Amino acid sequence: MPRRPAPAKLSRADSQAQTRTRLLATATTCFLRDGYAETSMEAIAAAAGFTKGAVYSNFPSKVELCQAVLDAIRAERIAALGRAIAGVTTVDALAAALERWADAHIGDPAWTRLEVEFGVHASRHPALAKQLARRHQEVRARVAALIA
C-alpha cells in the first residue's frame, strides 16, 4: 500500500494565524456562554487546547481578547447587513430588508449581555471607555455607509 505524503508543514505565520483563529473562536464561545467576568484566560486556553502562554502571546490581555471577540461579532453582523441590503433599490425594499436583518440579528441575549457587561467594565476605565466609544462610532459609520 503506497504511503501518503506527509502533510505540508505550516509556516510559522500560518501556524500563528490558525492558533489565533482557534483562540478567538473558543473565546467567543466562552464569553457568550459565561460572560466577561466569569471567563478567564485559563479557561479559554484549556478549552482551546493551548497553554495560557499561547493565549497571552496572541492577546496580551482579557480586555483585548474580548474586544477582538466583539469586533468579530460586529463585523459579521455588518457583513450580514450588507448581504441583506445588497441590490435593494427602493426605500420600501430597504426598510423591509433592514427589518428582516434586525429580526435575525438584534436582541441575541448572549451577545447583548456580553456587550452590556463589557460596556459596564469599560465605564470604570476611562481609556477603555474612550476606545469602546470609538469602536461603536466606527460601527455606526460602517452601517451608515452601507445604508447610504
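The structure presented is a predicted model; accordingly, all values stated were derived computationally and were not measured.
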If we only count heavy atoms from C-beta on, is the [X] to [Y] side-chain gap below 4.5 Å?
X      : Y      : answer
His136 : Glu115 : yes
Arg77  : Ile106 : no
Leu81  : Leu98  : yes
Cys30  : Val69  : no
Arg20  : Gln16  : no
Arg135 : Arg74  : yes

Subject >> Heavy-atom closest contact (Leu132 atom, Gly119 atom, distance) >> reply: CD2-CA, 3.7 Å

**OP:** Looking only at non-hydrogen atoms, find the nearest pair between Pro60 and Glu64 and report the distance.
**Re:** CD-OE1, 3.2 Å

Separation of [Y] [atom2] from [X] [atom1] (nearest 0.5 Å):
X     : Y      : atom1 : atom2 : answer
Leu65 : Thr39  : CG    : OG1   : 9.0 Å
Cys66 : Leu114 : SG    : CG    : 4.5 Å
Asp71 : Glu76  : CG    : CD    : 13.5 Å

Path from [X] to [Y] over hydrophobic side-chain contacts below 4.5 Å:
X      : Y      : value
Leu32  : Leu23  : yes
Leu128 : Val120 : no
Leu94  : Leu146 : yes
Val88  : Ile78  : yes

Original post:
Applying ring pair (Phe, Tyr, Trp, His ring centres under 6.0 Å), which residue pairs with at least one partner in residues 35-63 are found, sequence neighbours left out?
Top reply: Phe31-Tyr36, Tyr36-Phe118, Tyr36-His121

Subject >> Check: Thr112 side chain, Asp108 main-chain N or O, donor-acceptor pair, under 3.5 Å >> reply: yes

Original post:
Is the backbone N or O of Ala84 less than 3.5 Å from a side-chain atom of Arg100, with the two atoms forming a donor-acceptor pair by type?
Top reply: no

Subject >> Partners passing ring pair (Phe, Tyr, Trp, His ring centres under 6.0 Å) against Trp101 (at least two apart in sequence or in another chain) >> reply: His105

Original post:
Which residue pairs satisfy the salt bridge (charged side-chain N to carboxylate O under 4.0 Å, His left out) criterion with at least one member in residues 32-58, sequence neighbours excluded?
Top reply: Glu42-Lys52

